[in-house]
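As structure tokens, the structure follows; a few thoughts come after it.
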Amino acid sequence: MTDTAACERLLERLAAARWDDQEAEDLHQTSRGALASEFFRRKAIWANALGITNLWPLAEVALAFDPSVETDPVWLERLEAAVGHQLMPQVRKVVTDMFRWASLGDRPYERFPGFDDPYEPMVQLLERGGQFWPGQGGIDIPIATASYGSLAERLAQAPVPIDPETLARLDERDRVELEKIRARAAARQAGMQNSGEADTSG
């Protein structure tokens with residue numbers, strides 16, 4: 001049985017994400033990196049439990065949990081209509097399995113009580129600045145690359161807090177750093193302008 005309500009909630013969140021927002025990417029660089037790290041950790045745990053470690057880190061865990069699960073393509077179509085363009089191929093793959101996972105409802109947690117939602121960190125990553133790109137040994141988010149690491153490292157990794165307060169503190173660091181960069185750029189621009197005016201008057 002498909003949990004349509006869960007799919008609707010996921011669609012609502014993803015449709016409201018700050019897609020193609022350069023400022024959001026700049027302001028959430030550190031928190032998006034933390035979310036990517038937690039995403040890889042959770043995917044490692046699920047991949048290990050489901051016996052698909054060879055497909056980690058971007059394993060489609062919903063299909064592994066239930067190979068018969070199907071996702072109506074209308075979910076992705078509705079999301080891309082809201083975004084205004086087609087998503088990157090790797091993002092489409094991850095989002096498609098997100099909808100499959102949502103459609104499973106509570107079934108995975110009944111089988112694996114205590115496990116965390118494997119896709120919640122990625123949902124929040126997308127909410128905080130849009131897409132990611134395939135990188136060398138990781139994903140570009142962009143500005144920086146979030147490394148996959150090894151499966152063993154991710155399985156041994158302590159959980160990364162992704163509560164709103166923790167993410168807000170990480171974002172504050174980025175905001176302060178961005179303000180410094182902009183102030184330096186403005187100072188350089190003013191200096192160049194003053195130099196030009198001096199040359200003209202001379």
Side-chain angles (χ1 to χ4, degrees), residues 6-7 9-49 55-62 75-76 79 82-83 87-102 108-109 112 114-178:
C7 290
R9 289 193 296 271
L10 176 60
L11 175 62
E12 182 178 355
R13 289 182 65 184
L14 293 178
R18 298 174 69 176
W19 299 94
D20 308 308
D21 187 331
Q22 182 63 54
E23 184 174 8
E25 293 174 357
D26 292 340
L27 290 172
H28 300 114
Q29 177 184 349
T30 305
S31 64
R32 294 182 88 211
L35 288 162
S37 180
E38 178 63 4
F39 173 65
F40 297 143
R41 184 192 74 85
R42 294 188 186 189
K43 289 295 287 291
I45 290 173
W46 281 98
N48 188 56
L55 300 177
W56 182 86
L58 298 177
E60 296 171 302
V61 291
W75 295 111
L76 185 59
L79 174 59
V83 173
L87 304 180
M88 297 284 290
Q90 196 172 61
V91 177
R92 293 182 105 236
K93 178 180 178 180
V94 171
V95 169
T96 295
D97 205 55
M98 279 185 187
F99 281 113
R100 292 194 190 106
W101 188 261
Y109 309 105
F112 297 101
F115 277 27
D116 294 314
D117 183 338
Y119 285 115
E120 177 60 26
M122 179 54 68
V123 174
Q124 291 195 43
L125 185 152
L126 297 174
E127 287 178 321
R128 302 173 93 80
Q131 303 190 61
F132 61 85
W133 285 258
Q136 186 66 37
I139 59 173
D140 291 336
I141 51 178
I143 303 175
T145 297
S147 174
Y148 295 138
S150 70
L151 179 70
E153 288 170 343
R154 291 303 183 184
L155 288 173
Q157 174 184 309
V160 177
I162 60 171
D163 58 280
E165 293 77 14
T166 297
L167 296 177
R169 284 196 296 271
L170 296 177
D171 290 339
E172 178 62 14
R173 297 180 197 172
D174 286 339
R175 186 192 65 78
V176 171
E177 185 59 31
L178 185 59

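Predicted, not measured: the structure shown is a model, and the values here were computed from it. Numbers here are sequence positions counted from 1.
The side chain to side chain contact (heavy atoms under 4.5 Å, CB included) search around Ala168 returns none, not counting sequence neighbours.
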Would Leu167 and Leu35 satisfy side chain to side chain contact (heavy atoms under 4.5 Å, CB included), going step by step from the backbone distance to the final call?
-> CA-CA 9 Å; Leu167 296 177; Leu35 288 162; 4.2 Å; yes
Decide yes or no on side chain to side chain contact (heavy atoms under 4.5 Å, CB included) for Asn48 and Trp56, but give the supporting numbers first.
-> CA-CA 9 Å; Asn48 188 56; Trp56 182 86; over 6 Å; no
Any chance you could lay out the salt bridge (Lys or Arg N to Asp or Glu O under 4.0 Å) test for Glu12 and Arg9, step after step, and finish with the verdict?
-> CA-CA 5 Å; Glu12 182 178 355; Arg9 289 193 296 271; over 6 Å; no
Tell me, with the steps shown, if Leu155 and Ile45 meet side chain to side chain contact (heavy atoms under 4.5 Å, CB included).
-> CA-CA 6 Å; Leu155 288 173; Ile45 290 173; 4.2 Å; yes
Can you check side chain to side chain contact (heavy atoms under 4.5 Å, CB included) on Leu76 and Leu87, steps first, answer last?
-> CA-CA 9 Å; Leu76 185 59; Leu87 304 180; 4.2 Å; yes
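Summarising the geometry of Pro118 relative to Tyr109, their closest heavy-atom pair is CD-OH, 3.9 Å, with the distance given to 0.1 Å. Considering every non-hydrogen atom in both Arg100 and Ala62, the closest pair reads CB-CB, 3.5 Å. Closest of all the heavy-atom pairs between Asp97 and Ala59 is OD2-O, 4.4 Å. Contact between Ile162 and Pro121 at its shortest, heavy atoms only, is CD1-CG, 4.0 Å. Scanning all heavy atoms of the two residues, the minimum distance from Ala6 to Ala102 falls at CB-O, 3.4 Å.
Under the 3.5 Å distance criterion, with hydrogens and angles disregarded, a donor-acceptor pair is assigned to the side chains of Gln124 and Glu120. Checking Arg169 against Ser31 by side-chain atom types alone, no donor-acceptor pair falls below 3.5 Å.
Tested against Val94, the residues Met122, Lys43, Met88, Glu60 include a single side chain to side chain contact (heavy atoms under 4.5 Å, CB included) partner, Met122.
Aromatic ring pairs are classed by plane angle as parallel below 30°, tilted from 30° to 60° and perpendicular above 60°; the pair Phe99 and Trp75 is parallel.
Rounding to the nearest 0.5 angstrom, the gap separating the CZ atom in Arg13 from the CG atom in Leu126 is 10.0 Å. The CD atom of Gln29 sits 11.5 Å away from atom CG of Leu170, with the distance rounded to the nearest 0.5 Å. Summarising the geometry, atom CG belonging to Leu125 is positioned 6.0 Å from atom CD1 belonging to Ile139; distances are rounded to the nearest 0.5 Å. The CD atom of Gln131 sits 10.5 Å away from the CZ atom of Arg92 when rounded to the nearest 0.5 Å. Distance check: Phe112 CZ to Trp46 CH2 gives 6.0 Å after rounding to the nearest 0.5 Å. Distance OH/Tyr148 to CG/Leu58: 4.5 Å, rounded to 0.5 Å.
Enclosure of atom CD in Gln90 by more than 12 non-hydrogen atoms of other residues, nucleotides or ligands within 6.0 angstrom is indicated.
Not one N or O on the side chain of Asp140 forms a donor-acceptor pair closer than 3.5 Å with the backbone of Gly135. Remark: side-chain polar atoms of His28 are paired, donor with acceptor, to backbone N or O of Arg128 under 3.5 angstrom.
Residues Trp101 and Pro108 form a side-chain contact, since some pair of their non-hydrogen atoms from C-beta on lies under 4.5 Å apart. In this structure, Gln157 and Ser37 have side chains that are in contact, with non-hydrogen atoms separated by less than 4.5 Å.
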